[in-house]
**Student:** 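I have a structure here, written as C-alpha cells, and I will follow up with some questions on it.
Since we're looking at a predicted model, the values are computed, not measured.
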Amino acid sequence: MNGLASAWVLTRLRRIRIETCNGALLGERERPIDAGLERSLLVRRAIGADDGDEERPEEPQVLVATFAAPRARLDELEAVQAFAQAYHRG
C-alpha cells in the first residue's frame, strides 16, 4: 500500500480493538463516528496465532477495526444502483 492510501485508511479508522478469541478485551482506541455523516464498516482479522513454537504457546487474538466512510457518497451510490435495477427490470 502506498503512502497516500495508507494515510487515507488511517484517517478513516475510527475504532481499533484487540480481543482474545473468547472476546475478552485486551486493548482499545476509539474516535466517535457521526452516524448522520458517516457509515461504518467493521473488519475482523485473526492475529498472533500459534506459530508452532511449543515453548511459547500464544492464545490467538483478533484485531477488530471499524472504518468510517462518507454517508452521502454511499447513499448516492445506492440510489444510482436502485435506479439502474429498476431501469433494467423495465
Side-chain angles (χ1 to χ4, degrees):
M1 184 180 307
N2 68 30
L4 184 59
S6 298
W8 184 86
V9 167
L10 289 177
T11 62
R12 297 295 177 200
L13 181 63
R14 292 296 190 259
R15 183 179 191 193
I16 189 163
R17 297 171 54 101
I18 305 292
E19 304 173 347
T20 65
C21 284
N22 297 336
L25 179 64
L26 299 175
E28 178 177 39
R29 184 91 176 182
E30 183 172 5
R31 290 187 338 202
I33 294 175
D34 183 345
L37 299 175
E38 300 173 314
R39 284 185 159 185
S40 62
L41 169 68
L42 184 97
V43 179
R44 299 175 67 87
R45 295 287 185 261
I47 59 172
D50 185 11
D51 58 7
D53 185 358
E54 293 180 17
E55 294 178 16
R56 192 178 55 94
E58 292 184 24
E59 180 179 1
Q61 299 169 353
V62 178
L63 172 74
V64 183
T66 304
F67 297 91
R71 177 175 286 281
R73 184 167 184 165
L74 295 173
D75 290 346
E76 181 181 330
L77 287 173
E78 284 183 355
V80 168
Q81 183 179 18
F83 174 79
Q85 288 174 348
Y87 174 81
H88 289 293
R89 277 185 281 213

**Student:** Cluster partners of Leu42, using ILVMFWY side-chain heavy atoms under 4.5 angstrom, listed by chain and number?
**Tutor:**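 Joined to Leu42, directly or through intermediates: Val62, Val64.
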
**Student:** Picking from Glu19, Arg17, Gln61, what satisfies side chain to side chain contact (heavy atoms under 4.5 Å, CB included) with Leu26?
**Tutor:**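 It is Gln61, the one option of Glu19, Arg17, Gln61 that forms the side chain to side chain contact (heavy atoms under 4.5 Å, CB included) with Leu26.
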
**Student:** Does a sphere of radius 6.0 Å around CD in Glu76 hold more than 12 heavy atoms from other residues, nucleotides or ligands, not counting ones at 6.0 Å or beyond?
**Tutor:**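 Atom CD in Glu76 is not crowded, with 12 or fewer foreign heavy atoms closer than 6.0 Å.
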
**Student:** Please round to the nearest 0.5 Å and tell me the distance separating atom CD1 of Ile33 and atom OG1 of Thr66.
**Tutor:**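 Those atoms lie 6.0 Å apart.
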
**Student:** How long is the span from the CG atom in Leu13 to the CG atom in Leu41, to the nearest 0.5 Å?
**Tutor:**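 One gets 11.0 Å once the value is rounded to the nearest 0.5 Å.
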
**Student:** Mind listing the closest non-hydrogen atom pair of Glu38 and Pro32 along with its distance?
**Tutor:**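 Nearest heavy atoms, Glu38 then Pro32: OE1-O, 4.5 Å.
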
**Student:** Between Arg14 and Glu30, is the closest basic N to carboxylate O distance under 4.0 Å?
**Tutor:**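 Salt bridge between Glu30 and Arg14, a charged N being under 4.0 Å from a carboxylate O: no.
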
**Student:** With the side chain counted from C-beta on, respond yes when Asp75 and Arg39 share a heavy-atom pair under 4.5 Å apart, and no when they do not.
**Tutor:**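 Heavy-atom side-chain distance check passes, below 4.5 Å.
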
**Student:** Short question: side chain of Asp34, backbone of Gly36 - any donor-acceptor pair under 3.5 Å?
**Tutor:**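 Yes, Asp34 side chain to Gly36 backbone: donor-acceptor pair under 3.5 Å.
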
**Student:** Looking at Arg71 and Ala35, would you say the former's side chain and the latter's main chain have a donor-acceptor pair under 3.5 Å?
**Tutor:**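 A pair under 3.5 Å: yes.
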
**Student:** Got a second to check how far Leu63's CG is from Arg45's CZ, nearest 0.5 Å?
**Tutor:**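 The CZ atom of Arg45 is 9.0 Å from CG of Leu63, to the nearest 0.5 Å.
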
**Student:** Please answer: with hydrophobic residues joined when any side-chain heavy atoms are less than 4.5 Å apart, are Phe83 and Leu77 in the same cluster?
**Tutor:**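 Different clusters.
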
